[in-house]
Amino acid sequence: MSRPIKHPFRLVSGVAVAALLVLTGCTSNSPDSEASGDGGGGDTKAVSANDDPGDTVTIGFSGPAADHGWLAAINSSALAEAEKYDDIELKTAEGTNDPSQQISQVETFINDKVDAIVLLPTDGAALTDIAIEAMDAGIPVINVDREFSSPFAARATILGDNYGMGVSAGTYACQVIDEKGIEDPVIAEIAGIDALPLTQDRSKGFKDALKACGQTVDNRVAAEFTVESGEEQASNLLQAAPKIDILWNHDDDQGVGVKAALDNAGRDEMTFIGGAGSCNAMDWIRDGSMAATVIYPPTQAADGIKLARLIAQDKGLSDLVQVEVPKRIVLNAPVVTADNVDEYSDLCFES
Amino acid sequence: MTQERTAPAHEGAEPPAQAPLAGSGTPQGSGLAQQVLGSSVGRNLGLVVALLILCGVGIWTAGEQFASVDNALTILRLASVIGVVSVGMTFVITGGGIDLSVGAIVALSSVWSTTLATQTMAEDYHWSVIVLAALAVGTGCGLVNGLLVSYGKVVPFIATLAMLASARGLAEIISERRTQIVHVTDFTKFFRADVIGIPVLVIIFALVAVVGWVVLNRTTFGRRTFAVGGNPEAARLAGIDVRRHTVALYAIVGLCCGIAAVMLVARTTTGSSTHGTLYELDAIAAVVIGGTLLSGGRGTIVGTVLGVLIFTTLQNVFVQNDLSSSVQAVAKGLIIVAAVLLQQRLAARSNTGSS
């Protein structure tokens with residue numbers, strides 16, 4: 001161990017060069033898998049007169065750092081949607097998890113006098129004031145996913161339904177319990193980060209829906225939306241509950257870890273339900289190792305861009321009688337099972 | 001009473017002054033081996049007691065579900081990744097440094113070793129390509145840290161903080177923030193297998209801990225580590241190449257991160273830039289409650305392993321009882337304080353007993 005090294009630099013640089021030679025071969029992530037559904041999925045949607053080119057509008061888009069498969073899909077589908085329109089000039093701010101940096105991004109948009117701002121705030125409450133400022137400056141703000149704390153901060157709001165996600169998962173669980181006739185079922189839940197309102201909403205929805213069929217959650221753990229934490233929490237959970245009938249995991253990104261833990265422990269007795277709707281989850285549903293997943297659409301920001309364009313061009317939603325774009329749109333949280341997985345797989349995201 | 005109160009403070013202040021050239025941190029000379037053993041038992045007794053209390057609580061509240069072999073192996077398996085990192089961390093802290101970049105290095109190694117290109121290469125040649133890639137990246141990052149600290153004269157805190165930021169950033173760039181699933185089935189099969197009922201991951205952890213203990217306590221390299229951490233100037237005057245030694249210490253912790261990355265990739269079947277989040281804090285917490293001096297000069301691998309086991313068992317006990325993660329965080333803080341207090345008392349008692 002203590003053998004003297006005569007030329008530390010030479011040794012070190014030799015190792016470094018050797019390592020570099022091995023490793024340069026390993027960096028590339030060539031885009032073989034790139035083709036599969038990257039969100040967006042606009043091809044399936046109906047085309048209306050609203051899609052005809054109008055006045056060119058400049059839209060500013062700012063969202064959180066894409067450190068998670070679902071958020072990455074949010075960004076990429078928003079960019080893809082803007083690409084489709086010749087009359088949209090998109091200004092994208094670098095994704096950040098720092099509210100103060102996002103505030104300064106919005107300030108820049110206001111100074112640039114953009115025609116509309118699409119904002120997925122890192123923290124809804126923290127970005128409310130600057131959003132009001134933008135609205136006061138005459139720039140419509142489209143609030144995506146995480147809601148502002150004031151109704152004056154946004155012209156339109158488009159949200160996924162976290163509470164509804166829990167309700168969908170719980171209702172599906174009740175249905176399974178009923179169909180299989182399980183007496184006194186063991187129900188387990190793997191939540192995401194507990195401090196976030198979205199996690200609390202999902203858990204509340206799940207609890208309320210279970211209550212409707214006289215059930216409660218027996219074991220609950222909280223992971224951190226990462227594969228590693230999913231695996232860790234699930235491994236402990238499986239020890240705490242030797243037999244599980246229903247397992248709802250809030251998030252398909254951490255679900256990769258949950259699945260690894262299930263495989264490792266050789267446990268497949270439960271009805272495994274996911275959340276969000278990643279492409280992995282869709283694959284598992286197809287091969288039968290997962291029963292269902294509840295969609296939390298990663299296309300919200302893409303819809304936000306579309307709404308921003310319509311608002312800036314003074315158009316309405318053509319399928320509604322009303323001439324103005326609605327103030328608030330809450331997206332549905334449907335359950336995907338083996339029966340309807342092909343319908344939804346175009347909208348899945350890579351985790 | 002007064003004696004008991006002053007004793008721990010005395011013990012805490014003693015080693016940095018005396019440890020420099022005396023070796024493993026037990027000052028007085030006679031019957032060295034016996035004293036080393038005696039004092040390390042004394043020092044670790046607090047941790048063993050804490051671990052036993054935790055297990056007692058687990059058995060009391062969750063009964064057979066906690067006491068099962070399966071559950072014990074689950075705890076060990078979950079402890080093994082952070083355990084390997086903590087063994088490396090013990091070296092660097094004993095040598096008077098600190099490494100904040102361990103989590104980021106684990107992330108980068110896991111990502112680099114699971115890119116499509118690496119996996120294709122692994123499928124063409126052998127699954128060990130993944131292992132070699134992770135080990136090379138980990139050691140490489142460690143070397144950079146070491147060179148910056150010893151030859152660049154950057155404070156360890158800052159040098160490794162820079163590595164923390166840039167390694168995780170690079171991991172995000174390479175992975176495009178996607179979770180990279182491992183398709184090389186031979187690799188996952190090997191690392192997720194059992195040998196006579198014991199998971200391979202646990203065996204790797206045991207091997208790393210044993211090798212770490214031998215190197216730190218039974219080799220010239222280990223003695224030099226204590227010397228460099230205790231008083232670098234005295235170590236230099238005694239003829240030790242402090243700079244070269246420091247580089248080696250950071251390379252060791254980097255290598256441990258590479259090993260941990262391989263284990264984590266096997267455990268989760270993925271490489272991801274989110275792997276190893278906050279490992280630096282978990283590893284430092286385990287090392288410090290284990291009894292290694294944060295200012296260097298005294299370190300114990302056994303203590304570190306016990307520290308890691310305490311935290312992993314704590315988490316398991318909480319999940320067994322369906323308690324929230326917030327309660328768990330509070331308990332974790334209390335355990336850190338309680339373990340350190342208990343340990344200081346017991347160490348003081350065993351020191352006055354033997355010398």
Side-chain angles (χ1 to χ4, degrees), chain A residues 1-2 4-5 8-9 12 15-16 18-20 22-23 25-33 65-69 71-72 193-195 217-222 224-233 235-242 253 256-257 259-261 263-265 278 280 350-351, chain B residues 62 65-66 68 70-71 74-75 77-78 81 112-113 115-118 121 129 132-133 136-137 139-140 143 147 151 172 174-181 192 215 219-222 224 241 243-244 247-248 264 267-270 272-277 315-316 318-322 324-326:
Chain A
M1 238 13 244
S2 59
I5 301 164
F9 272 129
V12 166
V15 171
L20 209 65
V22 177
L23 295 176
C26 305
T27 21
S28 106
N29 246 333
S30 22
D32 288 17
S33 58
D67 47 13
H68 179 267
L71 281 171
I193 299 172
D194 252 343
V217 176
D218 298 277
N219 293 80
R220 184 182 185 281
V221 292
E224 285 152 19
F225 290 137
T226 63
V227 178
E228 189 193 346
S229 65
E231 198 270 351
E232 191 175 349
Q233 295 297 339
S235 292
N236 278 325
L237 176 74
L238 291 176
Q239 293 303 322
D253 278 317
V256 177
K259 182 75 167 37
D263 290 347
N264 198 42
S278 75
N280 291 321
E350 294 289 343
S351 53
Chain B
Q65 267 168 42
F66 179 84
S68 71
D70 241 22
N71 191 45
T74 300
I75 293 177
R77 199 171 56 87
L78 292 178
V81 175
W112 208 320
S113 61
T115 55
L116 218 59
T118 320
M121 221 156 111
V129 170
L132 292 177
V137 172
T139 315
L143 277 176
L147 291 171
Y151 292 94
E172 287 174 357
I174 295 175
S175 68
E176 293 161 353
R177 289 176 166 142
R178 295 270 167 82
T179 303
Q180 302 178 155
I181 295 179
R192 302 184 92 187
V215 170
T219 62
T220 322
F221 184 88
R224 286 182 179 168
D241 188 335
R243 290 194 293 186
R244 201 172 63 202
V247 174
L264 194 54
R267 220 183 76 190
T268 61
T269 66
T270 60
S272 164
S273 57
T274 59
H275 278 353
T277 313
Q315 194 184 19
N316 185 273
F318 273 80
V319 174
Q320 293 275 5
N321 287 294
D322 199 29
S324 83
S325 49
S326 322

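Keep in mind that this is a model prediction, so the values were computed, not measured.
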Return the set of residues passing ring pair (Phe, Tyr, Trp, His ring centres under 6.0 Å) with B:Phe318 (not counting sequence neighbours), or none when no residue passes.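 So B:Phe318 forms no ring pair (Phe, Tyr, Trp, His ring centres under 6.0 Å) with any residue.
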Proximity breakdown for [X] and chain A, heavy-atom pairs closer than 4.5 Å:
{"X": "B:Arg77", "value": "side chain"}
{"X": "B:Ile181", "value": "side chain"}
{"X": "B:Ser68", "value": "side chain"}

Can you name the closest pair of heavy atoms from [X] and [Y] and give their distance?
{"X": "B:Arg267", "Y": "A:Glu232", "answer": "NH2-CB, 3.8 Å"}
{"X": "B:Thr268", "Y": "A:Ala260", "answer": "O-CB, 3.7 Å"}
{"X": "A:Ala240", "Y": "B:Gln320", "answer": "CA-OE1, 3.2 Å"}

Are B:Leu78 and A:Glu231 packed together at the side-chain level, in the sense that at least one heavy-atom pair is separated by less than 4.5 angstrom?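 Counting from C-beta outward, B:Leu78 and A:Glu231 do come under 4.5 Å.
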Below 4.5 Å, heavy atoms only, C-beta onward: do A:Glu228 and B:Ser272 meet side chain to side chain?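 Not in contact.
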With a 4.5 angstrom heavy-atom cut-off, could you sort out which part of A:Asn280 is near chain B: side chain, backbone, both or neither?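 Only the side chain of A:Asn280 comes within 4.5 Å of chain B.
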Checking A:Asn264 against chain B: side chain, backbone, both or neither under 4.5 Å from a heavy atom?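 Backbone plus side chain of A:Asn264, per the 4.5 Å heavy-atom cut-off to chain B.
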Residue list, side chain to side chain donor-acceptor pair (under 3.5 Å) with A:Glu224, at least two apart or on another chain: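 Per chain and number, A:Glu224 pairs via side chain to side chain donor-acceptor pair (under 3.5 Å) with no residue.
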Distance, nearest 0.5 Å, that separates [atom1] of [X] from [atom2] of [Y]:
{"X": "A:Gln239", "Y": "B:Asp70", "atom1": "CD", "atom2": "CG", "value": "5.0 Å"}
{"X": "A:Asp253", "Y": "B:Thr274", "atom1": "CG", "atom2": "OG1", "value": "8.5 Å"}
{"X": "A:Gln233", "Y": "B:Gln315", "atom1": "CD", "atom2": "CD", "value": "5.0 Å"}

I need the residue from B:Thr270, B:Thr269, B:Val81, B:Ile75 with the largest number of non-hydrogen atom pairs under 4.5 Å to chain A.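 Counting heavy-atom pairs under 4.5 Å, the top option is B:Thr270.
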Name the option with the most non-hydrogen atom pairs under 4.5 Å to chain B; the candidates are A:Ser235, A:Ser278, A:Ala222.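 The residue among A:Ser235, A:Ser278, A:Ala222 with the greatest pair count is A:Ser235.
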Closer than 3.5 angstrom, by distance alone: can the side chain of B:Asp322 be matched with the main-chain N or O of A:Arg220 as a donor-acceptor pair?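 Between the backbone of A:Arg220 and the side chain of B:Asp322 there is a qualifying donor-acceptor contact (under 3.5 Å).
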